[in-house]
Amino acid sequence: MSLLDIYLLDAPILREVTRPVGEVTEDLRRLAKDMFDTMYAAKGIGLAAPQVGRHERLFVVDVEGAKHVLINPEILAAEGSDVGEEGCLSIPDVYGDVERATRVLMRALDLDGKVFELEAKDLLARCLQHELDHLNGKLFIDYLSLLKRRSAIAKYRKTHGEERPISRKIVAAEAAEHHHRDEEF
Ligand code: ZN
């Protein structure tokens, strides 16, 4: 099992747009496996490649047993809207209400390079939209009002200090003690 470092709010890579995957290679399959391991250790339900310092257009999710790897994902349809609380493994200790579509239909490649469609609702739909945003350099705090965004960033900086790092190590033992929140993607 290999756990990857998770990049944090101040890391420039979180603001970069990822590159479409040309071919699903063994390296990419290993990356997806390491991302699942890292996500589980960090007690998250989704993790996107930029969060572990990679530029590939890929993310993993595991929401209530619905476990998926999405490569080059795109939204085909979205409907409904609902406001719900979100957090992010790249912005520890910060939460905010975000309006998302309640149902989405996405198309992506799987780890065999085959096209598949995924229909999702509620928390899985929210998670998919949050992760897709990561691939476009967007974070959930971008949806908050200016005031709420400012206070979220201020809280993050205060909690993590002046000398805060741009990435954090995920270790299995520490993860077990980490306070679990279902809303962290
Ligand atoms: Zn996130």
Side-chain angles (χ1 to χ4, degrees), residues 1-21 24 27-63 66-75 84-96 98 100 106 108-111 118 120 123-144 149 152-153 155-157 159-160 164-172 174-175 178-185:
M1 183 168 87
S2 134
L3 298 179
L4 308 168
D5 291 354
I6 293 185
Y7 283 76
L8 299 168
L9 184 60
D10 301 293
I13 192 164
L14 293 180
R15 291 308 192 173
E16 290 169 19
V17 177
T18 50
R19 292 192 288 264
V21 170
V24 179
D27 173 61
L28 206 72
R29 284 188 271 271
R30 196 175 317 115
L31 172 64
K33 187 191 176 302
D34 290 345
M35 285 172 65
F36 272 119
D37 289 342
T38 303
M39 180 186 83
Y40 292 133
K43 306 281 185 199
I45 58 173
L47 188 65
Q51 293 181 277
V52 292
R54 300 278 295 236
H55 292 95
E56 289 91 343
R57 209 156 175 79
L58 168 153
F59 64 74
V60 302
V61 296
D62 187 343
V63 178
K67 182 178 170 181
H68 301 281
V69 179
L70 284 87
I71 301 166
N72 299 346
E74 50 184 324
I75 288 197
E85 191 180 54
E86 292 186 20
C88 181
L89 293 174
S90 292
I91 320 174
D93 308 305
V94 170
Y95 301 90
V98 180
R100 302 276 191 192
M106 293 186 95
L109 297 179
D110 64 17
L111 285 179
L118 178 61
L123 184 58
L124 178 58
R126 175 173 294 280
C127 185
L128 292 172
Q129 293 169 81
H130 177 116
E131 300 312 328
L132 184 63
D133 276 350
H134 272 302
L135 302 185
N136 295 323
K138 190 160 187 174
L139 301 172
F140 84 89
I141 54 171
D142 301 349
Y143 292 97
L144 306 180
R149 185 161 68 248
I153 293 171
K155 184 186 177 207
Y156 174 81
R157 290 185 175 152
T159 309
H160 298 276
R164 59 194 179 276
I166 64 157
S167 69
R168 62 177 171 130
K169 287 222 168 310
I170 303 299
V171 291
E174 177 195 288
H178 181 74
H179 179 58
H180 181 68
R181 294 283 299 246
D182 278 333
E183 307 86 351
E184 285 191 18
F185 327 140

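A quick note: this is a predicted structure, and the numbers were derived from the prediction, not measured. The basis for the numbers below is simple: all heavy atoms, side chains too, and nothing from hydrogens, waters or symmetry mates.
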Could you tell me whether the side chain of [X] and the main chain of [Y] form a donor-acceptor pair under 3.5 Å?
| X | Y | value |
| --- | --- | --- |
| Asn72 | Val21 | yes |
| Arg126 | Val98 | yes |
| Arg57 | Leu135 | yes |
| Arg29 | Leu111 | yes |
| Arg54 | Thr18 | no |
| Asp142 | Leu139 | yes |

Quick one: does [X]'s side chain get under 4.5 Å of [Y]'s, heavy atoms only?
| X | Y | value |
| --- | --- | --- |
| Met35 | Val69 | no |
| Glu16 | Pro50 | no |
| Arg168 | Leu89 | yes |
| Asp62 | Tyr40 | yes |
| Tyr156 | Ile141 | no |
| Lys67 | Phe36 | yes |

Would you compute the distance between atom [atom1] of [X] and atom [atom2] of [Y] and round it to the nearest 0.5 angstrom?
| X | Y | atom1 | atom2 | answer |
| --- | --- | --- | --- | --- |
| Phe140 | Arg149 | CZ | CZ | 11.5 Å |
| Leu132 | Ile75 | CG | CD1 | 5.5 Å |
| Gln51 | Glu131 | CD | CD | 5.5 Å |
| Leu14 | Lys138 | CG | NZ | 15.0 Å |
| His134 | Arg15 | NE2 | CZ | 9.5 Å |
| Ile91 | Thr159 | CD1 | OG1 | 12.0 Å |

Might you point out which heavy atoms bring [X] and [Y] nearest each other, and give the distance in Å?
| X | Y | result |
| --- | --- | --- |
| Leu8 | Pro165 | CD1-O, 3.7 Å |
| Phe59 | Met106 | CZ-CE, 4.5 Å |
| Ala49 | Glu56 | CB-O, 3.2 Å |
| Ser2 | Thr38 | O-OG1, 4.0 Å |
| Pro73 | Ala108 | CA-CB, 3.8 Å |
| Cys127 | Gly46 | SG-CA, 4.1 Å |

- Query: Taking Ser90 as the fixed residue, which of Asp10, Leu9, Ile6 is the one that meets the side chain to side chain contact (heavy atoms under 4.5 Å, CB included) rule?
  - Reply: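 Answer to the side chain to side chain contact (heavy atoms under 4.5 Å, CB included) test with Ser90 among Asp10, Leu9, Ile6: Ile6.
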
- Matching residue for Val61 among Ile45, Leu128, Leu47 - test: side chain to side chain contact (heavy atoms under 4.5 Å, CB included):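 Of all the options given, the one that passes is Leu128.
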
- Give a yes or no on whether a salt bridge exists between Asp37 and Lys33, defined as a side-chain N under 4.0 angstrom from a carboxylate O.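 A salt bridge links Asp37 with Lys33.
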
- Item | Lys155 to Tyr95 six-membered ring, cation-pi geometry met (6.0 Å, 45°) |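 Not flagged: Lys155 not positioned over aromatic ring of Tyr95.
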
- Query: Where do Leu31 and Leu4 land on the side chain to side chain contact (heavy atoms under 4.5 Å, CB included) test, with the steps shown first?
  - Reply: CA-CA 9 Å; Leu31 172 64; Leu4 308 168; 4.2 Å; yes

